[in-house]
Each structure stands twice: as C-alpha cells, then as structure tokens.
K.L.:
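Structure incoming, see below.
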Amino acid sequence: MNQIKQQIDALREELNQHNYNYYVLSTPTISDFDFDRKLKELTDLEIQYPEYFDPNSPTQRVGSDINKSFNQVVHKYPMLSLGNTYTEEEITDFYNRVKKGLNDDFEIVCELKYDGTSISLTYINGVLTQAVTRGDGVQGDDVTANVRTIRSIPLRLHGTDYPAEFEIRGEIVMPWSVFDQINKERAEQEEALFANPRNAGSGTLKQQDPKIVAARKLDSYLYFMLGENLPTDGHYENLMKAREWGFKISDATKKCKTLDEIFAYIHYWDTERKNLPVATDGIVLKVNSLSQQRNLGYTSKFPRWAIAFKFQAEKAVTTLESVSYQVGRTGAVTPVANLKPVKLSGTTVKRASLYNEDYINLLDLHINDQVYVEKGGEIIPKITEVDLSKRNVFDEKVEFIKNCPECGAPLVKDEGEAIYYCPNDTACPPQIKGRIEHFLTRKAMNIAGGSETVEHLYNAGYIHNIADLYTLKWQDVSRLERWAEKSAKNLIDSIHASVSVPYERVLYALGIRYVGETVAKKLALAFPNIDLLEAASVEELVQVDEIGDRIAQSIVKYFSKDANMEVVNKLREFGIQFELSETIIAQRTDKLKGLSIVISGTFEKHSRDEYKAMIEQNGGKNSGSISSKTNYVLAGDNMGPAKLEKAESLGVKIIDEEEFLKMLD
Ligand code: IVH
C-alpha cells in the first residue's frame, strides 16, 4: 500500500477512535482544536487524492452532498413494535405468561424505552452499509446518508468478532439540549415550534440535506441485534458485544430474574429518567435467551417475549385563574394561562402555554375551569384537558382579545394564519424594545447589552428605535442608576464598533418579519445594497431562491413604512454598512443571468453549497426541482434516476462540473 493511503487510513482510524471516545464513552482524550486540525489534515488529503474516497471516512460525518428523495427498502426482518402496558398488574401477567410458556428458568432484560425514531442498521464485514427507518414495519426510507452524520453510530466496527452480516436496531434521539436550542431559534424567527424531541428528531432524519442533519447533533441508542450468526444466545450478552464493537448501548440495560427486581428497576427509572440527556417514555422488558424467545414466538402483532411499560405522563389538576397575553418583537400575541400554583414533577407550575386562539377554542376554555396540566415532552407545561363536570354555569368563556394589551391597537390576523399580531409596530412598547434587543444580539450587531440594558435606556427616554443607539453618549448612560462608567463606555464602544458589521448581518438585525439569518444572506447577494432591496417588488423578490410570497410581502411592507425608512436613513448617516463588501461584489458576475439551474448528485471539485453560491454569485437561480423552466441540471455522481428521467423527458440539458466551471471562466 502506498504511503499516502497509509497516512489516510491512520488518520481515519485515529479520528474514529476519538469520535468513539467522545460520543459513545463521553470521555474525550483530545482537545477540540487538535481534533479539528487532524480532521482538516484528512480532508485535505482526501481532496488531493480523491481515488481514496470512502463514504465511511470520518470526514463524511459532516454530511455528504447526496440529495435525493429517499429510496424505499423492504426490511429483511419486519420491524415490529411492542405491546404496551400501563400497570404493574399487566407486568405481572406478562411475567407469568412467560413463566408458563417456558416452564423453565429465564432472565428478563430491562431497558429504557427511548422516545425517538426507530432505525435498522445493516453492517457487512464491519462496515455500515444501510440505515432504514421503520416506515410501515415492512418497508421504510433509506436514510443512510443522514445516519452517517450521527457521531455515536460507528461507520466501521472495532475488533474482529462481529458476524459477517447483521442488523442492529435502535432509536435515533435528539438530546434535550439540542431540542431546546432549535426551538429557541425557531421562536426567534416566529416559526412553529417542535412539540417534542421525537418530532424534531424524526423531522431532522427526513431532511433532504445531510448537512442540516449533521448540524442538529442527533444521538443513538441500540437495543436489538438480528442475524444468522450472532455471538451468543443471550440478548444482553450480544448487546455487551455490540458495545465493544463501538455501538452506544444504554448503561441502564440490566438483567433481572424476579418480579421484585423488575419493579425496583421501573420505580428507580421512573424518577431517575428526568436526569437523562434524552427523552424516555417507558421501560422495555425482554426475555434474554434467544432460543427461549423463539419458543415463545409472536402473536399476530407483537413478540410474546417482550413488552413495553409506559410511564404515566405527569399530570396535575388546577384552576385556570386568568389568561394573559404577551406581545413579542414582531407583534405576535401569545396567550398564556395563569394557573393556581400546583406541583408537577418537582416544580411549581403557575403558567401554561395556550399557543393561539384555535387552541383556546379547541379546549373551549372558561375562567375557573379545572384543567389538567402536563409536562410530557414539552418544557413549558400545557393544558391538555378541561374537567367539564366541574364547570359552573356562570363561568365566563375565554375570548381571545381584540386589542393589543400593551398599546390598545386592534389586532390583525393574516388569512390562513393562527397567530394574531399587533400592527402598531412603531409605537407599541414591547415591539420597540424587542426590536432593539434583537438588533443588539451577537448574530445581529453584536452590541454589549441585553433586555435589561434596553429596558433602562428605553425607560429613561434615550432610545425609541434602533437608530437612537448611535446618538447615545456614555456620560448620559453612566448617569443612570446602576450604570458604572466602565459599563457605559463598553456599551458605547460596542455600538461604535457595530458600524463595521457586514451588510447581510445588518439586514438580519433590522428585524424584518421572517427575515432570519439565511434569508438575509440570500437577500444581500441578490440585492447588493439597501436601495436595490427597498426598490424591489414582490415579483422580483420571489425570484430569489428560497424567498416565497410571505417573506417578499413582509419585506415590501417594511420598506413601505415611513417610520422604517426614517430609521434606515438615520442608520445610513451613522455609517452602517448598507452594501455588500467590495470583495463579494468583485466576485459577482452576470454570466448565469436568467438561468435556472438544478444541482443533483455528488461532486469532486467543489461542494454542493459552493456550487449553489457560485450560481447565485453569477446571477443565476439555483432551484430544487426540475421543471420546464429549468435551463440546466448540474449533475455529479449518483444523480437520482428519477431526476435523470425527468430532465431527459423535459429535454433539459445536463452538464457536469467541468462544463459548468467552463461557463464561468
Ligand atoms: S425493542 C421486537 N427496545 O419502542 C422488539 N424498542 O413500542 C422491537 N423502543 O418500535 C423493539 N426503546 O421504536 C425496543 N429498548 C427498546 C426500545 C424500543 C424504544 C421503541 C421502538 C419500538 C417501540 C415499541
């Protein structure tokens, strides 16, 4: 083997080991910095020597470029689910049925029931070859490219004593920390929140772009091995082997003999599970011996050798005292239930989310109702049910407010939307303060201050809009109560420094509804200065990739308001960046003007994202699907057969990397 290949292999092996230490054992032995350095070294070598490409290289964990709708794969062994039980009596019945059925000694393996998306992984000669979702149990989606990005799933197994071919099944989960972060970001963009980590995780797994999957940091727990030549007759022992090969097997997995041991396990985990980094919704009991499992067999739906016990969602009953309404920075009005304080899973609950008017109507909520609150998968408790038998005839029905609770303006609701807005964006205090707070954030103008700073400065009458920040003097700020000279100076310094924040971030910072970071970047490229953006019509705006009607209308509306234009013009006077930087502009051309190009497959010279950026930088439009309007398909390896057929049937020209790059040169 040549020296380069050896170097590549050594790096891959070393990085795989570090990934395993970090993601499975949770005990890293290398600094992030050194890890990134080695990963970069490997990436560079792989780019330089593409003949050594390997889909199982640790560099592929960041998400390969393949973009296709998922192929359906028929499961070699159907993916069954389990019978559910909710009481200890049912567990006792299960145990006795097993005892009677076997008429011999047996062991029960107790496991946590992870609340995620089930997955079946196939390994051939120690290499991950396929990952398929449960689907309907008979066939599921091939999500291999996405699953490769999950760091705790080994792409190559450790050791040598694994069967030549086997399947291992388990659950893909989204850790609470990731779920919280994603929902926080979605809330900032006023996008619909994920209800629980399971939905967020399965949504992520079905993403067409593995890079998004990689960024969302999913995790996995494996709990079921299938194949012809498994190492032992014990389910538990096989899992321990799987752990040696590199799989993440829950530490909570335990062998029990008696019902008492099983109940102790259930009681322990019913409370202890709250300290786990991922969601669990019950316990699974399995007969350990595989031959005994075969003896017991299956009913028409479930195995007779296993059963699930579901934890009770924690519920409490309390009184609905009132409903209040919060106004966000974009004017969105959110109803909140004020409850008589009640204990629920260790905390006192006083408020519950009511989401929107439709949810209130669905519950047919009345003041003084006895309501059930649950903490299920959500962090903010929610009202799940009303005890109608306790309702008093005189109790007043909750009617969603008609006017803004902060400024009195009549609320408005767009066709087909669930959320009411206060339209008085220029004079409604929480909207003004919220917009200024957003302007300060790190991803926006990165100014040293948060909600408290804004509250002080607003209440003192110093700031009424984002432009006012640039007229602040540290001497004035330091005169305010609780402001030291040093923090006042820091604030002013960071305000002054923000004049060099690039145009795309300024666009995001303006806080135009639906214009998040990504949209802002796209807008900045398509409309390289704010005058062009201001002059753009809805029709022109929707020409830009990923900008739909809703965003386009919001942008046009923003610039149509005098108050907003006044702020923009003031910011301009203060020297805020309102055009794309020279270097980015210098790279822009019109070479692909008017051309709509679809990218498909994997590439060698540049990544998909790079090609996308090149198309946009050269005036073209990158669109996701082939239609009669498509001018070219930029095709790499592994272009999906459906796409190829469609392109051919529509007579769309297919070009490769070389030809595309020639068009630009
Ligand atoms: S065993 C034939 N073990 O719960 C047995 N399932 O209701 C197959 N689940 O579809 C499943 N944790 O998605 C098993 N430790 C565990 C589990 C588990 C979560 C999920 C799985 C399954 C469903 C059954």
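Whatever order the structure lists ligands and atoms in, that order sets their numbers, starting from 1.
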K.L.:
How far does CD of E111 sit from CG of L239, to the nearest 0.5 angstrom?
P.N.:
6.0 Å

K.L.:
Does even one non-hydrogen atom of K286 get within less than 4.0 Å of ligand 1?
P.N.:
yes

K.L.:
Does some non-hydrogen atom of L112 fall short of 4.0 Å from ligand 1?
P.N.:
yes

K.L.:
With side chains defined as the heavy atoms from C-beta onward, is the minimum distance between L339 and I383 less than 4.5 Å?
P.N.:
yes

K.L.:
Is it the case that the side chain of S220 and the backbone of E171 share a donor-acceptor pair, with hydrogens and angles ignored and the cut-off at 3.5 Å?
P.N.:
no

K.L.:
Would you mind telling me if ligand 1 is within reach of the side chain of K113, the backbone, both or neither, using heavy atoms under 4.0 Å?
P.N.:
both

K.L.:
So, does H75 use its side chain to make a donor-acceptor pair with the main chain of T133 at under 3.5 Å?
P.N.:
yes

K.L.:
Cation-pi between R169 and Y223: NZ/CZ under 6.0 Å from ring centre and within 45° of the ring axis?
P.N.:
no

K.L.:
Do any nitrogen or oxygen atoms of W305 lie less than 3.5 angstrom from nitrogen or oxygen atoms of ligand 1?
P.N.:
no

K.L.:
Indicate whether the side chain of S291 and that of D233 have a donor and an acceptor atom separated by less than 3.5 Å.
P.N.:
yes

K.L.:
Determine, using heavy atoms of P303 and all atoms of ligand 1, whether some pair is separated by less than 4.0 Å.
P.N.:
yes

K.L.:
Considering only the protein, which heavy-atom contact is closest to atom 14 (C) of ligand 1, and what is its distance?
P.N.:
Y223 CE1, 3.2 Å

K.L.:
Is there any N or O on E171 that sits under 3.5 Å from an N or O of ligand 1?
P.N.:
yes

K.L.:
Which residue and atom name correspond to the protein heavy atom nearest atom 8 (C) of ligand 1, and how close is it?
P.N.:
L80 O, 3.8 Å

K.L.:
Tell me the nearest of Y114, Y221, Y77 to atom 19 (C) of ligand 1, using heavy-atom distances.
P.N.:
Y114

K.L.:
Which residue and atom name correspond to the protein heavy atom nearest atom 5 (C) of ligand 1, and how close is it?
P.N.:
L82 CD2, 3.6 Å

K.L.:
As an exercise, state the distance from NZ of K241 to CZ of F247, rounded to the nearest 0.5 Å.
P.N.:
13.0 Å

K.L.:
Hey, does the Lys NZ or Arg CZ of K315 hover above the aromatic six-ring of Y372, less than 6.0 Å from the centre and inside 45° of the axis?
P.N.:
yes

K.L.:
Can you report which non-hydrogen protein atom sits closest to atom 15 (N) of ligand 1, along with the distance?
P.N.:
E111 OE1, 2.8 Å

